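Since we're looking at a predicted model, the values are computed, not measured.
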Amino acid sequence: GAQAELELRWLWPWQAWRLHRRCLRLWLAVHGRELTQECRPLRQRTQRRFLRAAQWPELQERGAQLWARYQALSHQPLEPEAQQALRWLQQLQEPTALQCLQERHCRRVLRRHSALFDTLESHPLTPSQRQACVVDEAANLVLAGAGSGKTSVLVGRAAYLLEAKLASPAEILLLAFGKQAADEMASRVAERLPE
């Protein structure tokens with residue numbers, strides 16, 4: 001925007017410089033707090049739950065608005081929390097931002113629930129199976145051959161949803177094509193999942 005000059009003839013140059021520095025620090029503190037407060041809900045949305053592709057355009061647009069508004073502060077001496085928020089906004093502008101946010105969320109969730117995936121079945125779930133349990137797009141497709149652990153993934157997914165309190169037992173429906181597969185899945189769920 002337009003810059004305004006103010007001449008303070010009654011101050012010595014060193015006093016004017018100190019006043020300028022104080023005013024700048026106050027101005028940066030105010031705008032840094034605003035930046036941090038406006039970023040907080042967006043950051044929480046990316047940390048609480050898996051960020052689905054359908055949710056990304058809205059979040060990316062809001063991030064772009066905030067980046068345009070606060071980008072000029074990137075070369076200023078901000079408080080660490082405001083600097084971190086500004087770096088995060090800048091990262092949202094990257095083409096791979098959604099993928100990075102999703103991967104970071106999955107790593108965090110897999111660390112938090114590693115004991116579940118280690119002990120749920122007779123053998124610990126593989127990294128691919130664990131990933132299939134925690135990715136939460138609107139529709140997930142798992143392609144796997146016979147005996148590769150698809151039922152383990154379904155049981156693991158249900159267990160994860162319950163342990164993370166992302167669903168209640170009444171909200172989970174597991175389906176199988178044949179009676180034998182359905183009976184096996186039902187017995188594994190009853191054996192391995194808490195009531």
Side-chain angles (χ1 to χ4, degrees), residues 1-118 127-128 130-140 157 160-167:
Q3 290 186 342
E5 287 192 24
L6 179 62
E7 196 172 323
L8 302 173
R9 294 177 192 265
W10 45 272
L11 290 177
W12 290 98
W14 64 270
Q15 290 174 317
W17 176 247
R18 285 179 65 190
L19 177 62
H20 164 75
R21 286 181 56 204
R22 281 189 185 156
C23 289
L24 180 62
R25 274 200 304 270
L26 285 170
W27 186 86
L28 287 173
V30 168
H31 288 284
R33 276 195 301 274
E34 286 177 3
L35 163 65
T36 304
Q37 288 170 353
E38 290 196 64
C39 281
R40 190 170 291 127
L42 291 181
R43 293 185 81 174
Q44 287 172 346
R45 279 181 59 192
T46 66
Q47 293 169 352
R48 264 191 243 125
R49 292 195 69 158
F50 183 86
L51 184 61
R52 294 179 174 181
Q55 299 166 322
W56 175 240
E58 177 194 342
L59 189 132
Q60 187 182 34
E61 181 182 339
R62 179 66 179 138
Q65 290 169 352
L66 290 175
W67 174 248
R69 183 170 166 194
Y70 291 105
Q71 181 179 2
L73 296 179
S74 60
H75 302 296
Q76 298 294 335
L78 296 170
E79 294 293 320
E81 194 176 7
Q83 287 177 356
Q84 187 180 25
L86 201 55
R87 276 194 305 273
W88 184 79
L89 283 177
Q90 187 175 15
Q91 290 168 356
L92 282 188
Q93 310 313 305
E94 299 292 327
T96 58
L98 173 61
Q99 181 182 354
C100 289
L101 288 169
Q102 289 173 334
E103 288 172 0
R104 194 175 304 142
H105 177 81
C106 287
R107 280 194 304 271
R108 192 170 47 248
V109 165
L110 288 172
R111 267 194 314 271
R112 189 178 312 136
H113 298 282
S114 65
L116 170 72
F117 297 123
D118 286 342
S128 297
R130 293 170 192 234
Q131 187 81 7
C133 291
V134 300
V135 167
D136 189 29
E137 281 293 353
N140 295 327
R157 173 93 172 135
Y160 162 68
L161 291 172
L162 294 172
E163 185 172 280
K165 297 185 178 12
L166 296 173

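Under a 3.5 Å cut-off, the side chain of Q102 and the backbone N or O of F50 do not form any donor-acceptor pair. Side chain of Q99 to backbone of T96: no donor-acceptor contact under 3.5 angstrom is found.
Remark: E81 CD is loosely packed, at most 12 non-hydrogen atoms of other residues, nucleotides or ligands lying under 6.0 Å away. In the displayed structure, R18 atom CZ is contacted under 6.0 Å by at most 12 heavy atoms of other residues, nucleotides or ligands. More than 12 heavy atoms of other residues, nucleotides or ligands sit less than 6.0 Å from atom CD of Q91.
Annotation for W67 and L86: closest pair CZ3-O, 3.6 Å, computed over non-hydrogen atoms. Residues E137 and L51 share a closest heavy-atom pair of OE2-O, 4.4 Å. Closest approach of R45 to Q55, counting heavy atoms only: NH2-O, 4.2 Å. For the pair Q60 and L92, the tightest heavy-atom approach, listed with the atom from each and the gap, is NE2-O, 4.1 Å. Closest approach of N140 to V135, counting heavy atoms only: ND2-O, 2.9 Å. Taking every heavy atom of both residues into account, R49 and D136 meet most closely at NH2-OD2, 3.4 Å.
Considering only residues two or more places apart in sequence or on other chains, D118 meets the side-chain hydrogen bond (donor to acceptor under 3.5 Å, both in side chains) condition with R130.
Distance check: Q93 CD to Q90 CD gives 8.0 Å after rounding to the nearest 0.5 Å. Interatomic distance, Y160 OH to K165 NZ, rounded to the nearest 0.5 Å: 12.5 Å. Between atom CZ of residue R157 and atom CG of residue L166 there is a gap of 8.0 Å, rounded to the nearest 0.5 Å.
Using a 4.5 Å heavy-atom cutoff, the side chains of L66 and L35 are not in contact. L110 has its side chain within reach of Q131: a pair of non-hydrogen atoms, C-beta onward, lies under 4.5 Å apart.
Between E79 and R33 no salt bridge is recorded (no basic side-chain N to carboxylate O distance below 4.0 Å). A salt bridge does not link E163 to R112: none of the charged nitrogens lies less than 4.0 Å from a carboxylate oxygen.
Classification of the H113-F117 ring pair by plane angle, with boundaries at 30° and 60°, yields perpendicular.
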From CA spacing to verdict: side-chain contact (heavy atoms from CB on, under 4.5 Å), L73, W27: CA-CA 11 Å; L73 296 179; W27 186 86; 3.5 Å; yes
Determine, step by step, whether L101 and H105 satisfy the side-chain contact (heavy atoms from CB on, under 4.5 Å) criterion, reporting the C-alpha distance in whole Å, the side-chain angles of both residues, the deciding distance to 0.1 Å, and the verdict. CA-CA 6 Å; L101 288 169; H105 177 81; over 6 Å; no
Just do the side-chain contact (heavy atoms from CB on, under 4.5 Å) check on R43 and R40 with the steps written out, would you? CA-CA 5 Å; R43 293 185 81 174; R40 190 170 291 127; 5.9 Å; no
What verdict does the side-chain contact (heavy atoms from CB on, under 4.5 Å) test give for E38 and R69, after you've listed the backbone C-alpha separation in whole Å, the side-chain angles of each residue and the deciding distance to 0.1 Å? CA-CA 11 Å; E38 290 196 64; R69 183 170 166 194; 2.9 Å; yes
